[in-house]
S.K.: 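Pasting a structure below so you can have a look.
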Amino acid sequence: MPAVSKGDGMRGLAVFISDIRNCKSKEAEIKRINKELANIRSKFKGDKALDGYSKKKYVCKLLFIFLLGHDIDFGHMEAVNLLSSNKYTEKQIGYLFISVLVNSNSELIRLINNAIKNDLSSRNPTFMCLALHCIANVGSREMAEAFAGEIPRILVAGDTMDSVKQSAALCLLRLYKTSPDLVLMGEWTSRVVHLLNDQHMGVVTAAISLITCLSQKNPDEFKTCVSLAVSRLSRDYTYYFVPAPWLSCKLLRLLQCYPPPEDGAVKGRLVECLETILNKAQEPPKSKKVQHSNAKNAILFEAISLIIHYDSEPNLLVRACNQLGQFLQHRETNLRYLALESMCTLASSEFSHEAVKTHIETVINALKTERDVSVRQRAADLLYAMCDRSNAKQIVAEMLSYLETADYSIREEMVLKVAILAEKYAVDYSWYVDTILNLIRIAGDYVSEEVWYRVIQIVINRDDVQGYAAKTVFEALQAPACHENMVKVGGYILGEFGNLIAGDPRSSPLVQFNLLHSKFHLCSVPTRALLLSAYIKFINLFPETKSTIQEVLRSDSQIRNSDVELQQRAVEYLKLSSIASTDVLATVLEEMPPFPERESSILAKLKKKKGPGAVSVNELEEGKREGGELNGGGERGADNSNMAASNASTPSPSADLLGLRAGPPVNAAAPSAGSLLVDVFSEAGANDDGFLRDLEPPTESSDSLLAEGPGDSDSAPPSVVSEDPAAPLPESNELLNKFVCKNNGVLFENQLLQIGIKSEYRQNLGRMYLFYGNKTSVQFLTFTTTVTCPGELQSHILFMCTFKKLNVQAKPVEPLIEGGAQVQQVINIECLGDFCDAPLLNIKFRYGGALQNFSLKLPVTINKFFQPTEMASNDFFQRWKQLSQPQQEAQKIFKASHGMDTEVIKAKLLGLGMALLENVDPNPENFVCAGVIQTKAQQVGSLLRLEPNSQAQMYRLTVRSSKDTVSQRLCELLAEQF
Amino acid sequence: PFRHSTNSSMIPPLTGTNLNQSGSEMQFMLLFSRQGKLRLQKWYVPLCDKEKKKITRELVQTVLARKPKMCSFLEWRDLKIVYKRYASLYFCCAIEDQDNELITLEIIHRYVELLDKYFGSVCELDIIFNFEKAYFILDEFLLGGEAQETSKKNVLKAIEQADLLQEEAETPRSVLEEIGLT
């Protein structure tokens with residue numbers, strides 16, 4: 001037994017641990033443990049009351065046994081008893097046991113909470129800290145219920161010791177993360193911000209974590225922390241910067257919750273700090289220890305994150321990039337890894353993209369020579385992120401050659417990335433086709449269906465590449481062993497376009513057929529089915545092959561194949577080829593029509609993979625955040641079904657590509673949609689077209705895909721249009737209602753145009769981003785939009801539309817939108833008084849000579865200017881009573897038009913912008929909200945009560961506010977939401 | 001702020017909102033030996049025992065398979081793993097995507113320094129036999145996955161005070177024991 005045994009030294013425990021360590025086998029260990037468990041059990045059950053020391057020792061042994069990986073089903077009560085011991089060590093062991101072995105046994109939780117309560121009020125700082133640690137470690141909802149009110153008081157009380165403050169801050173943070181609804185903002189919040197000024201470094205360090213988290217959720221309430229953080233940063237930087245790396249990192253992290261400071265002086269100081277950090281990186285190290293450089297660089301990387309977050313200081317961005325460039329060749333693997341990782345995000349900034357590109361050779365070299373696969377993966381990600389039209393060929397070639405030796409773990413992702421880059425930056429299609437076929441050749445096993453579907457879609461839609469594609473697959477199929485995916489692509493392409501190379505005797509129809517058929521027996525059933533379809537197409541294309549192919553179809557191995565699908569195809573194709581006239585055959589087997597553009601299946605796949613790669617991660621993040629903000633409620637269902645929904649909305653590609661059984665779709669898809677794909681390649685500005693769809697919010701994207709069907713024209717603009725702004729579309733009210741409880745999404749979509757919207761509101765101000773996406777391949781000319789405020793609204797809401805006039809920072813909307821491109825428009829909104837009608841947005845443009853002219857309602861509704869107000873039950877009822885004049889109340893009873901799911905209702909009410917108050921209404925089924933509408937002229941306090949009656953599927957909604965028009969309007973708006 | 005997302009997204013991110021909205025700075029910390037024996041585990045996110053065991057098994061295997069000169073960071077599920085080996089022990093932390101790897105590495109180092117200072121040239125055996133102390137020190141240093149007190153002096157002061165409290169409490173007991181009163 002070693003001598004180390006600090007403090008108390010529980011001899012029995014040490015002996016036990018030694019015994020366990022001396023066990024020669026697992027069985028012996030289990031035997032020893034069972035013996036000990038029996039011993040402890042008998043002690044606990046025994047008649048003789050155990051003293052505190054023994055209890056502590058046995059509880060500690062149990063803990064040790066648990067940590068070895070064995071289950072413990074007793075001893076909890078004894079541990080809880082220890083909590084109320086007044087001996088520190090006994091208490092401490094009790095708390096440790098509780099923290100490690102949380103038990104949701106409600107009886108115990110009550111006892112534990114009781115003990116914690118006693119310790120919190122003991123005024124003994126060590127006891128208080130123990131209790132706070134326990135709450136932070138367990139962090140359960142029950143504890144949040146019991147202590148979320150108490151801890152803020154401890155945190156800001158003047159007489160609390162520093163060490164207790166530190167624990168209280170982090171304890172509160174944990175509770176806020178697990179049960180944000182139970183931690184109510186209040187008077188303490190402003191005092192917490194001022195902890196940033198605290199003398200005690202530990203208090204600042206702990207408090208800043210709390211403030212960062214709170215700021216993310218309540219940015220306005222904590223806005224003042226920006227200038228405090230900047231001044232703390234500059235102050236500490238001068239004196240202790242490297243000694244306080246944790247603090248500095250946290251400060252820089254906190255600043256990333258906010259946009260750049262508006263106050264010039266604050267911003268100046270911050271920029272100065274960031275420059276100093278970059279300067280320090282160039283100084284020779286003050287110590288050889290790795291800790292010194294780690295601490296220094298931790299701050300540097302955090303500063304670079306902040307610079308990237310702001311994305312507004314070109315000078316700093318380029319300096320950051322240069323600094324990272326030096327790290328790319330650093331002898332420390334860790335720094336190389338981090339530099340690659342950080343550069344990925346720098347590549348996304350327009351200011352530093354070019355600077356990142358200058359490091360291409362180093363990154364390629366890293367991909368080839370790094371010994372650590374995680375570093376190589378970062379290099380591959382960075383190449384993907386820095387790729388653009390100018391270097392695509394080089395990068396794709398490097399990635400392809402890396403694929404030959406790439407680690408299995410990352411091959412599939414690499415394949416997807418190569419496929420995406422090849423498509424995105426293809427200038428000539430032969431290069432694209434070559435790249436994908438190479439991909440199949442090199443890493444066929446990792447080429448998912450999406451990849452080869454995509455190459456076929458593109459070949460079908462581009463007639464200038466079809467001949468080349470046919471020739472290339474024909475050559476590729478000559479290889480003695482070629483991947484099954486190659487056979488699939490070959491079968492499909494030769495079946496469609498084999499005629500384009502049939503003139504050459506080396507690839508005559510029969511040669512082509514024999515080549516394909518030589519692969520037939522090595523292939524799986526789906527591929528064979530595809531090949532059979534190719535054969536029938538051959539009969540149509542080349543009548544001279546008819547007898548040979550009929551013979552093949554007639555053979556027992558086809559017509560009597562045990563696989564139903566294959567047999568059926570063989571029988572049907574044989575019959576079709578023998579009875580149908582040439583004309584009929586030609587009609588049935590007509591060339592495939594162009595594929596309508598849809599979400600790039602490859603990108604969807606990459607997104608689905610939990611892969612890194614700057615793009616995919618950002619997109620996912622985007623999706624996640626979107627989900628958080630939308631509160632969409634009913635029609636969107638769970639927001640995180642984003643991926644699933646957009647996937648489901650993509651008609652199965654296999655149905656389109658291989659679905660000959662259903663007969664080829666004779667009527668082509670809508671022509672405008674069909675040719676959209678072309679533009680993926682034709683225009684620099686349009687390079688993201690194919691990917692545009694991926695990022696749409698789920699519901700809308702599925703709508704649009706459904707609406708793409710050929711016959712669907714109900715949303716198409718009328719053909720004869722006057723030049724005057726059109727009256728709002730009939731559906732514009734409905735569209736408006738969709739945005740009452742959410743701020744982002746697709747406002748409108750028809751076959752030509754999609755309008756996305758993103759908006760944010762603070763106090764009585766709002767900013768709305770409109771995104772106009774041209775869904776066609778043809779330019780929109782003279783694109784203009786006008787926003788007008790009908791009637792009364794004009795006097796209340798001041799629009800400073802960017803394209804109209806005056807004090808505007810954003811660019812006007814472009815008069816020309818390229819096919820597949822998207823333009824953005826910013827609209828600033830200020831609410832001057834309460835209003836009812838939404839502003840009108842008129843859109844006019846020329847599409848292929850025809851004028852399009854229509855109007856929509858901009859989803860600006862009075863509730864957007866709500867500030868939520870938290871209040872206690874008695875407050876609420878008092879105010880409710882104060883608003884008792886009859887005109888102040890508006891009420892509606894209406895039938896539920898969606899499911900009456902509590903969570904969905906809650907989400908919608910939150911989306912409305914009011915505070916949802918818990919435990920106010922005596923009936924827990926009911927919902928109660930409070931908020932203040934901020935207009936420039938006045939503030940309008942509003943209270944709301946929603947009473948669902950699930951039996952009758954009805955709601956009763958009552959709104960009371962200090963202005964009658966507001967009550968009315970809110971009631972109208974909300975009645976449409978549930 | 002990201003070019004790809006602003007170009008390709010229907011809706012670019014709002015300025016001034018941060019991506020990382022959830023979670024602790026640190027999700028969990030594991031200490032295990034070269035033989036793969038778990039010596040200490042601290043979880044800052046609620047997980048069931050089964051999941052904890054699964055994660056532990058998977059990570060121990062992954063980290064032990066890595067060669068000495070490899071970098072200290074790796075991607076694992078949607079987390080970043082930061083690990084470092086000290087003598088026979090691996091210290092392994094999981095952080096979120098937006099978190100700072102280097103500062104985490106220094107958190108590990110600071111914890112090692114604290115253990116070292118407290119035990120005096122700490123070795124794996126100290127942690128085995130005094131696991132409860134290892135937990136107490138960790139709780140003083142990190143709370144809920146966030147650094148609570150980064151000053152070495154202050155952490156050790158807190159622990160030593162506690163030890164003192166305990167000796168005061170224990171001494172009379174052993175006297176009583178000596179005279180056979182218990």
Side-chain angles (χ1 to χ4, degrees), chain A residues 2 4 6-8 14 17 60 87-89 96 133 136 166-167 170 173-174 202 205-206 209 216 245-246 249 256-259 291 294-295 297-298 301-302 308-309 311 333-334 337-338 348-350 353 372 374-375 610 612 614-615 618-619 621-622 688 691-692 695-696 744 756 758 760 771, chain B residues 1-5 7-11 13-16 18-19 21 24-25 41 46 69-75 77-78 97 100-103 105-106 109 119 125-126 128-133 135-136 139 143-144 146-151 154 158 161-163 165-167 169-170 173 182:
Chain A
V4 276
K6 275 266 202 175
D8 56 341
I17 296 175
C60 214
K87 285 186 185 159
Y88 180 76
T89 53
L96 179 60
H133 290 180
Q166 286 167 274
S167 299
L170 294 176
L173 171 59
R174 176 71 195 266
T205 310
S209 300
Q216 283 167 351
W246 289 281
C249 282
Q256 290 171 54
C257 302
Y258 289 92
Q291 279 72 40
N294 279 352
N297 293 326
F301 278 106
E302 206 58 64
I308 295 171
H309 167 78
D311 197 16
T333 316
N334 286 347
Y337 177 97
L338 293 175
S348 321
S349 161
E350 56 175 318
H353 182 75
D372 184 345
S374 16
V375 186
K610 188 200 72 233
V615 180
N618 293 340
E619 282 159 1
E621 286 290 353
E622 176 101 281
D688 283 312
F691 306 94
L692 194 100
L695 299 155
E696 290 169 13
N744 309 315
K758 181 151 192 139
E760 50 177 345
F771 302 89
Chain B
F2 301 107
R3 194 179 66 92
H4 282 277
S5 60
N7 268 7
S8 59
S9 156
M10 189 74 203
I11 293 159
L14 286 179
T15 48
N18 198 19
L19 297 170
Q21 297 280 335
S24 321
E25 169 150 318
Q41 44 175 320
K69 288 271 165 164
M70 285 186 166
C71 80
S72 313
F73 320 123
L74 50 115
E75 273 182 347
R77 301 196 188 172
D78 50 356
D97 190 50
N100 190 316
E101 291 97 335
L102 285 176
I103 208 74
L105 212 46
E106 289 319 292
H109 187 76
F119 289 108
L125 279 181
D126 294 321
I128 297 173
F129 280 92
N130 302 280
F131 68 94
E132 79 282 9
K133 293 287 178 206
Y135 275 103
F136 298 149
D139 271 354
L143 191 57
E146 301 274 347
Q148 172 175 228
E149 175 56 73
T150 54
S151 148
N154 288 352
Q161 265 173 0
D163 279 347
L165 277 178
Q166 129 182 322
E167 269 151 28
E170 302 288 325
R173 191 201 149 269
T182 47

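Proteins come first, then strands; the chains are lettered A, B, ... in the order of their sequence lines, and each starts at number 1. Keep in mind that what you see is a predicted model, and the values were worked out from it rather than measured. Heavy-atom basis, side chains included; hydrogens, waters and symmetry copies ignored.
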S.K.: Tell me, side chain or backbone of A:I17 under 4.5 Å from chain B's heavy atoms, or both, or neither?
M.R.: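 Interface part for A:I17: both.
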S.K.: What distance do A:N334 atom CG and B:L105 atom CG have between them, rounded to the nearest 0.5 Å?
M.R.: 6.0 Å
S.K.: Which region of B:F73, side chain (C-beta onward) or backbone (N, CA, C, O), has a non-hydrogen atom less than 4.5 Å from a non-hydrogen atom of chain A, or is it both or neither?
M.R.: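 B:F73 touches chain A through backbone and side-chain heavy atoms alike.
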S.K.: Taking all heavy atoms of A:C249 and all of B:N100, pick out the closest pair and write down the distance.
M.R.: SG-ND2, 3.8 Å
S.K.: Looking at B:E106 and A:A295, what are the two nearest heavy atoms and their distance?
M.R.: CG-N, 4.2 Å
S.K.: Whether the A:S167 and B:Q148 side chains hold a donor-acceptor pair (N or O, under 3.5 Å, no angle test) is what I'd like checked.
M.R.: yes
S.K.: Taking A:N294, A:L173, A:N297 one by one, which has the highest count of heavy-atom pairs under 4.5 Å against chain B?
M.R.: A:N294
S.K.: Which bit of B:S72 is near chain A, if near means a heavy-atom gap under 4.5 Å: side chain, backbone, both or neither?
M.R.: both
S.K.: What part of B:I128 lies closer than 4.5 angstrom to a heavy atom of chain A: side chain, backbone, both or neither?
M.R.: both
S.K.: If you count heavy-atom pairs under 4.5 Å between each of A:T333, A:D372, A:T205 and chain B, which one has the most?
M.R.: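 Heavy-atom pairs under 4.5 Å are most numerous for A:D372.
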S.K.: For B:N154, is it the side chain, the backbone, both, or neither that has a heavy atom closer than 4.5 Å to a heavy atom of chain A?
M.R.: side chain
S.K.: About how many Å separate OH of A:Y88 and CD of B:Q161, when rounded to the nearest 0.5 Å?
M.R.: 9.0 Å
S.K.: Measuring only between side-chain heavy atoms, which start at C-beta, is B:E101 closer than 4.5 Å to A:F301?
M.R.: no
S.K.: Closest heavy-atom contact between A:L170 and B:A147?
M.R.: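 That closest heavy-atom pairing would be CD1-O, 3.7 Å.
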S.K.: Rounded to the nearest 0.5 Å, how far does CH2 of A:W246 lie from CD of B:E146?
M.R.: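 That separation rounds to 14.0 Å.
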